[in-house]
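Below, chain A is the first sequence line, B the second, and so on; all start at residue 1. Just the heavy atoms: all of them, side chains too, but no hydrogens, waters or symmetry mates, feed the values below. Because the structure is a prediction, the values reported are computed rather than measured.
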Number of protein chains: 2
Amino acid sequence: MSTRPEVSLAQRKRQLVANELTEAALQLLASKGFDAVTIDEIATSAGVSKRTFFRYFASKEDVVVQFLADMGTGIRAELAARAAGELPSVALRHAVSVPLDECAGHADRALRVVQLILRTPALNARFLEHQAQWRDDLTAELAHRLGLDPDTDLYPPLAAGMTLTAFDVVLRRWSDSDGGEDPAELIQRAFVVIAPALDTVVRK
Amino acid sequence: MSTRPEVSLAQRKRQLVANELTEAALQLLASKGFDAVTIDEIATSAGVSKRTFFRYFASKEDVVVQFLADMGTGIRAELAARAAGELPSVALRHAVSVPLDECAGHADRALRVVQLILRTPALNARFLEHQAQWRDDLTAELAHRLGLDPDTDLYPPLAAGMTLTAFDVVLRRWSDSDGGEDPAELIQRAFVVIAPALDTVVRK
DNA sequence: TAGCGTCTTGACACCGAGTGCCATGAACGG
DNA sequence: CCGTTCATGGCACTCGGTGTCAAGACGCTA
């Protein structure tokens, strides 16, 4: 009962290698630029072979962007957890604040990653793909929450899109200000703008 | 004075090759799928070498997506051309209707291209990148139109984002319905939803 | 301790995207 | 007829990404 292996030793080893890889990648990419770093470099720098790199990540972009995958489910979960009677603008604002607060938390590290992503075209493209996925998730959750048909009603996808637009604008402004502006305050202001659309009931 | 070469002969030859390339690409990609077609195939099918292909297009995606580049300036130009006193929601709706009407125009061909783009991850990613560019353009134009500071005010990027969200949602629905739904009517309905946010004056 | 599956890894070969370089050939101008 | 320009094709090369296989590490059992 020394270390209580609630997860298998193999699992932890795997996680260790993954961390080593992301660490090496982030360090190299941030200092030399995305295109100037080869996967061989990253792998070697982490002490594994190129082939092993691809057993952990599907592409060069994924090392940086992979963690975004979980955020989508985080947002959706938060929306699902909000009280049903809550105004859409309020529920959605809280939902999208989850990843934003996470950024504000580890401000130093998160800021550098976000800036790397937003300033590297290849990474930015992947980020946008993830956002599109989040939008689909939010759309489904929103339709379910309001009892609307996501294939007919335009409200769910539009509301999800507006929400993520707000998220995106806030993130970019936070990045451009080098962390100078407060994400929480920015998202508040953004929702003041979009709330009139989110909270207007449209009858057909 | 036979053909009145208002553009040089070399220019027209270049255009000819470009057309041949896009034609070959569209035909092959649509029938075999994006990943199953190599650039060598496309080039050979158009009667040129692989090396020449890359003198016309920067990447495999570009053959399909390149025409989107102009749309951005089209949207922005339309917005700039609208009367200054017009309500933002009206001006923006007209601006974004430009590419939509273009689609509805050549419905048969456009539909197939749009479906190819939206259903191919690599192409979809490029499409999203273009949209992001459009958003920046629209943001600048909107800020100029309203006399707002695009680096301070949140309204311009949010309004641009909402507008393009509407565009995106409409385009996807049009694609999913195999052209069954009318883009003009869809965009109308979408703007009914987002207009309350676009037309609400937010004083700081 | 020997033997036997399982899982991870590294090495190698391979494909396709994308680029730099250079020789060729056609069109144009003097 | 000659020299320049420019588009093209061929070639070699880098790098991202994948399939395959043999070798080791680990755990289980006799």
Q.
Tell me every residue that passes side-chain contact (heavy atoms from CB on, under 4.5 Å) with B/Ala46, counting only those two or more places apart in sequence or in another chain.
A.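 If we apply the side-chain contact (heavy atoms from CB on, under 4.5 Å) test to B/Ala46, skipping adjacent residues, the hits are B/Glu20, B/Leu21, B/Ala24.
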Can you check the [X] [atom1] to [N] [atom2] distance for me, whole Å?
X       : N      : atom1 : atom2 : answer
A/Tyr56 : C/dG10 : OH    : C1'   : 13 Å
B/Asp62 : C/dG18 : CG    : C1'   : 12 Å
B/Glu61 : C/dG16 : CD    : C1'   : 13 Å
A/Leu21 : C/dT8  : CG    : P     : 15 Å
B/Arg14 : C/dA26 : CZ    : P     : 20 Å
B/Phe54 : D/dA12 : CZ    : C1'   : 15 Å

(Q) Short of 4.0 Å, heavy atom to strand atom, which residues of residues 29-51 of chain A count as contacting DNA chain D? (A)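 When residues 29-51 of chain A is checked for heavy atoms under 4.0 Å from DNA chain D, the hits, listed by number, are A/Val37, A/Thr38, A/Ile39, A/Lys50, A/Arg51.
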Pairs under 3.5 angstrom only: tabulate donor-acceptor contacts from the side chains of residues 111-121 of chain A to other protein residues two or more places apart or in another chain.
| unit_1 | atom_1 | unit_2 | atom_2 | d |
| --- | --- | --- | --- | --- |
| A/Gln115 | NE2 | A/Ser175 | O | 2.9 |
| A/Gln115 | NE2 | A/Asp178 | OD1 | 2.7 |
| A/Thr120 | OG1 | A/Leu116 | O | 2.8 |

Q: Using only side-chain N and O atoms of A/Thr52, determine if any of them is under 4.0 Å from OP1 or OP2 of C/dT9.
A: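 No, because none of the side-chain N or O atoms of A/Thr52 sits under 4.0 Å from OP1 or OP2 of C/dT9.
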(Q) Check this for me, if you would: do B/Glu141 and B/Arg76 make a salt bridge, where the nitrogen-to-carboxylate-oxygen distance has to be below 4.0 angstrom? (A)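 Looking at B/Glu141 and B/Arg76, the cut-off is met.
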Q: Indicate the ring-plane relationship of B/Phe167 and B/Phe127, choosing parallel, tilted or perpendicular according to the 30° and 60° boundaries.
A: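 Taking B/Phe127 first and then B/Phe167, their aromatic rings sit tilted (interplane angle of 30° to 60°).
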Q: Remember a base hit wins even if backbone is also touched, and classify A/Phe53 as base, sugar-phosphate or nothing at under 4.0 Å, heavy atoms.
A: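 Counting heavy atoms under 4.0 Å across all strands, no contact is made by A/Phe53.
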Q: Look at all strands and tell whether B/Phe57 reaches a base, only sugar-phosphate, or nothing, counting heavy atoms closer than 4.0 Å.
A: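 Nothing, no heavy atom under 4.0 Å.
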Q.
Can you confirm whether B/Ile42 sits close enough to B/Phe57 that some side-chain heavy atom of one is under 4.5 Å from a side-chain heavy atom of the other?
A.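 B/Ile42 vs B/Phe57: side chains apart.
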Q | Student check: side-chain heavy atoms of B/Tyr56 and B/Arg14 closer than 4.5 Å | A |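 Result yes, sub-4.5 Å side-chain heavy-atom pair found.
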Q: Could you say whether B/Arg55 or A/Val17 is positioned toward the 5' end of DNA chain C, judged by the nucleotide with the nearest heavy atom to each?
A: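 The residue mapped nearer the 5' terminus is A/Val17.
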